[in-house]
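Below is one structure; the comments refer to it alone.
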Amino acid sequence: MLRTLLGLARQDHLDLALPAAPGYTARVIERPGLWMDPDRLAALVADLRAVAARASPGGPLSYGVLSGAPERLSQSIITLVRRSADGRPVAFNALAVMDLDLGPRRVEVLHLGLVLVDPEERARGLSWVLYGLTCFLLLVRGGLRPIWVSNVTQVPAVVGMVAESFGQVFPAPPRPGRPAPRRSLTHLLVARQIMQHHRHVFGVGPEAGFDEARFAITNAYTGGSDGLKKRLQDCAPHRDPAYAAFCAAQLDYDRGDDLLQIGLADLPTGLAYLSRSVP
């Protein structure tokens, strides 16, 4: 890991390979659409689609990197996990880089994107790679300057993971000793820009609504993410039942709603990730 961190500044675009867990390797590939040749790019997309076919029983997914569109692959950072024994792709995380205009300044936001794992490979110690490694690497390469992040989900386990892994996350439920997070003006401006210009990143169609008070996307599963729609009882629970109760109160699962969470990756969250998650 130390050798990886020392080499970050020398790479125009990340292309790193490292052990993910016993028997698995991971490769982090930044904006492959900008530099990877067409044959390698097509092979990468085929690997991502193979994982998606096994991990999304609700139907095929066709948005983001899975569309194969060069512009999507030029704006994405992909972490692909393979089995070491046979090279089979078994999991991936596709983050999207969004450039937002907040009036007097422009802000780059990292969308936490799509995480899919082959059902046969779950609970194999891959979470630290799929749910934080790329954010941490980008934080280090950027000189530990805070990075705004976004997340769209209806799954309580993911809502809780984001709320507990990043700073200043809105929305999230109050927790013992911690009041409900406050929606700042920056949260609102970032959310508005994402919903106006970047719905394609998370597969939400133009007909979906957005409740600015709750940061809830209504009728969200019509823009390519249709196969991810679930009932609450079918979603992965968080160890803390407060997140399931929060999702049940904020979202209409029959209609197909999502939460849009906005937060920060910063030095405290990076240190917490190292101490809590990295083996």
Side-chain angles (χ1 to χ4, degrees), residues 1-9 11 14 16 18-21 26 28 30 77 79 93-100 102 105-115 125-153 155-191 193-194 215 236 238-243 246-247 259-279:
M1 174 66 82
L2 178 59
R3 186 180 303 165
T4 296
L5 298 180
L6 292 175
L8 291 180
Q11 296 196 20
L14 293 179
L16 304 172
L18 67 163
V28 181
E30 183 180 11
I77 305 171
T79 302
N93 178 14
L95 286 74
V97 181
M98 302 181 294
D99 190 30
L100 308 186
L102 300 188
R105 61 194 175 104
R106 298 193 70 83
V107 173
E108 194 173 85
V109 176
L110 188 65
H111 184 69
L112 299 180
L114 183 63
V115 178
L126 301 175
S127 295
W128 74 277
V129 171
L130 295 170
Y131 288 102
L133 176 64
T134 309
C135 290
F136 177 73
L137 294 176
L138 294 173
L139 183 65
V140 172
R141 189 178 66 174
L144 302 179
R145 291 187 297 273
I147 302 171
W148 283 100
V149 299
S150 63
N151 177 61
V152 170
T153 189
V155 179
V158 179
V159 171
M161 181 274 296
V162 171
E164 296 179 1
S165 299
F166 296 95
Q168 301 183 35
V169 174
F170 180 87
R175 308 300 308 117
R178 188 176 64 191
R182 183 179 64 88
R183 187 197 69 176
S184 69
L185 178 60
T186 302
H187 283 101
L188 182 58
L189 293 177
V190 168
Q193 284 281 302
I194 289 174
F215 274 31
H238 193 273
R239 62 183 180 280
D240 186 339
Y243 291 107
F246 180 72
C247 290
L259 288 175
L260 171 58
Q261 293 178 290
I262 308 294
L264 275 178
D266 53 15
L267 179 58
T269 61
L271 294 176
Y273 168 72
L274 277 180
S275 63
R276 180 180 61 231
S277 301
V278 178

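Just so it is clear, the model here is predicted, and its values are computed rather than measured.
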**Message:** Would you compute the distance between atom CG of Leu112 and atom OH of Tyr131 and round it to the nearest 0.5 angstrom?
**Reply:** 10.5 Å
**Complete:** CG (Leu137) and CG (Leu18) are apart, to the nearest 0.5 Å, by 7.5 Å
Sequence-distant partners of [X], side-chain contact (heavy atoms from CB on, under 4.5 Å), two or more places apart:
{"X": "Leu188", "answer": "Arg183, Arg192, Glu212, Phe215"}
{"X": "Leu100", "answer": "Met98, Leu102, Val109, Val190, Gln193, Ile194, His198"}
{"X": "Ala272", "answer": "Arg276"}
{"X": "Thr134", "answer": "Val28, Ile77, Thr79, Leu95, Leu138"}

Go through the structure and list residues passing side chain to side chain donor-acceptor pair (under 3.5 Å) with [X], not counting sequence neighbours.
{"X": "Thr186", "value": "none"}
{"X": "Asn93", "value": "none"}
{"X": "His238", "value": "none"}
{"X": "Arg105", "value": "none"}

**Complete:** In short, salt bridge (Lys or Arg N to Asp or Glu O under 4.0 Å) pairs touching residues 156-168 with sequence neighbours left out are Glu164-Arg239
**Request:** Could I get the full list of salt bridge (charged side-chain N to carboxylate O under 4.0 Å, His left out) partners for Asp240, not counting sequence neighbours?
**Result:** Arg175
**Arg106 atom CZ: more than 12 heavy-atom contacts under 6.0 Å** = yes
